[in-house]
Protein chains: 2
Amino acid sequence: MSVVSCTPSMGRPRAFDVDTALEKALDVFWRKGYDGTSLSDLTEAMGINKPSLYAAFGNKEQLFLKAIELYESRPCAFFLQALEKPTAYQVAEHMLYGAAMNMADQAHPQGCVVVQGALSCSEAAATVKEALLNRRVEGEQKLRARFEQAKLDGDLPATADAETLARYLGTVLQGMAIQANNGATSEQLRQVAAMTLQAFPRNN
Amino acid sequence: MSVVSCTPSMGRPRAFDVDTALEKALDVFWRKGYDGTSLSDLTEAMGINKPSLYAAFGNKEQLFLKAIELYESRPCAFFLQALEKPTAYQVAEHMLYGAAMNMADQAHPQGCVVVQGALSCSEAAATVKEALLNRRVEGEQKLRARFEQAKLDGDLPATADAETLARYLGTVLQGMAIQANNGATSEQLRQVAAMTLQAFPRNN
DNA sequence: GCCAATATGTACTAAGCGGTAAGTAACCCT
DNA sequence: AGGGTTACTTACCGCTTAGTACATATTGGC
């Protein structure tokens, strides 16, 4: 048997690069949101026709979810990187300054697609709205777990409330996404980051 | 002449209450956003037919803008009220706790329609997106002006940066809107408010 | 050279969109 | 009672939407 077919090198080869096309799709979803993006918007930006899009990505919803995966692995990679910093304060610092740099970066749309991709939306977008909501909540849970560890490590006071700290940080990060949409610059967001850190407890 | 016609008590009277219908429209726009709301959604929620909607409110875009005015004068009235508190710290306090109470209030959709009504959207929604963006920026400018006054009044240190304080507060308030969409409770948002105030300077 | 397999472009579908024309119903004023 | 004015209902408009059928083109393997 061994019908693995992992390398479907048979048949006519694809005329476009899947990853590049996905980047283009992410750009459109990021700027226009799920409801505001039409298939025409997508095929035009991706440089392919509808049947190619459906063959390669399933449908609009699955394409969106794949674009979000790409977003988290590339433009939003600073989030997971920050979690690995040695102390809770450094985690917060790295995450806030990373967000300040990234969300107002003119090299891509402003803000965060996980925040603004499907915040208020039609019933047709309920699935992707839920997916984004889950990502936001999971991000905060990762932060909370990291701060619990910091209390064990001793770089956060034992009296610190890890859950509230994580929610405070999540609130500011999500607020920064709106600020970037408002036209705030990276420097202005850095000032917000600095103020946010003033309320952040530290043992060292 | 005197063709003022301020009281159009002539002709068949309207069979619905304009203000009630506008409240219903606000509710739909708040939950679904501008792009995610169809005219069918609106007419169904408002209990009227399309021609009545167009006669009373112009079109979808003008209806949205009128709904936003209603939002600012009612559910979001705490914002302007907070600006009148005697000190900068009390302004921030009242605004943060007011937002915590309001944005997670189960009596209406969660969050803030000025934030989530048209954040990322289609080109058809460009006008309302711009209108909401302006409201957010103007709100922050009002905060900044209030804090400038507070420096003159002496209840903020002369070294305080009114612009950054306003942006920090705006960031947290807008972040709270996302948090409320994430399912955060008023009590959880109050904890965020308390942390936010820890970074807030005060002379008294 | 031919077959199986995959991708492509064109043309199509049914349904929904925002918005409106036209006829009818309900009111005030004279 | 009739005319003027306004609102309501029904049916429609042209256009766009997400998604697909089908014929054609391009590859590797035999």
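Chain naming here is simple, since letters A, B, ... match the order of the sequence lines and numbering starts at 1 in each.
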Legend entry - Rounded interatomic separation in angstrom, taking CZ from Phe16(B) and P from dT9(D): 10 Å
Inset, instruction - Take the protein atom CE of Met10(A) and the nucleotide atom C1' of dC2(C), then report the distance between them rounded to whole Å. - result: 15 Å
Inset, instruction - Looking only at side-chain atoms of Arg12(A), point me to the closest of dA18(D), dT10(D), dA25(D). - result: dA25(D)
Inset, instruction - Measure from CG on Asp41(B) to P on dG16(C) and round the result to the nearest Å. - result: 12 Å
Inset, instruction - Output yes when at least one side-chain N/O atom of Ser52(A) is less than 4.0 Å from OP1 or OP2 of dA7(C), else no. - result: no
Inset, instruction - Indicate, with a heavy-atom threshold strictly under 4.0 Å, whether Ser122(A) touches base, sugar-phosphate, or nothing. - result: nothing
Inset, instruction - Take atom OH of Tyr54(B) and atom P of dC13(D), then tell me their distance rounded to the nearest Å. - result: 17 Å
Legend entry - Value in whole Å for how far the C1' atom of dG19(D) lies from CG of Leu63(A): 14 Å
Inset, instruction - Quick one: label Thr43(A) by what it contacts on the DNA or RNA (base, sugar-phosphate, nothing), any heavy atom closer than 4.0 Å. - result: nothing
Legend entry - Shortest side-chain distance from Ser38(A), nucleotide among dG19(D), dG18(C), dT17(D): dT17(D)
Legend entry - N or O in side chain of Arg14(A) less than 4.0 angstrom from dA7(C) OP1/OP2: yes
Inset, instruction - Provide, to the nearest angstrom, the distance between the CG atom belonging to Leu42(A) and the C1' atom belonging to dT16(D). - result: 15 Å
Legend entry - side-chain N/O Ser40(A) vs dT17(D) OP1/OP2, d < 4.0 Å: yes
Legend entry - Residue whose closest nucleotide on DNA chain C lies nearer the 5' end, Pro51(A) versus Glu61(B): Pro51(A)
Legend entry - Salt-bridge contact Lys32(A)-Glu123(B) (side-chain N to carboxylate O under 4.0 Å): yes
Inset, instruction - Could you verify whether a donor N or O on one side chain and an acceptor N or O on the other, from Gln90(B) and Thr87(B), lie under 3.5 Å apart? - result: yes
Legend entry - Residue-phosphate contact under 4.0 Å: Lys60(B) side-chain N/O, dG18(C) OP1/OP2: yes
Inset, instruction - Starting at atom CD1 of Ile48(A), determine the distance to atom P of dA7(C), rounded to an integer number of angstrom. - result: 12 Å
Legend entry - Arg144(A)/Glu140(A) ion pair, N-O < 4.0 Å: no
Inset, instruction - For the pair Arg202(A) (side chain) and Tyr89(A) (backbone), establish whether a donor and an acceptor sit closer than 3.5 Å, ignoring hydrogens and angles. - result: no
Inset, instruction - For Pro13(B), answer base if it contacts any base atom (sugar-phosphate contacts may also be present), sugar-phosphate if it contacts only those atoms, and nothing otherwise; contact means non-hydrogen atoms under 4.0 Å. - result: sugar-phosphate
Legend entry - Distance test, side-chain N/O of Asn49(B) to OP1/OP2 of dT9(D), below 4.0 Å: yes
Inset, instruction - Counting heavy atoms from C-beta on, name the nucleotide in dA18(D), dT8(C), dC8(D) closest to the side chain of Ala15(A). - result: dT8(C)
Legend entry - Ion pair check, Arg74(A) and Glu23(A), cut-off under 4.0 Å: yes
Legend entry - Length of the line joining Lys50(B):NZ and dT20(C):C1', which is rounded to integer Å: 9 Å
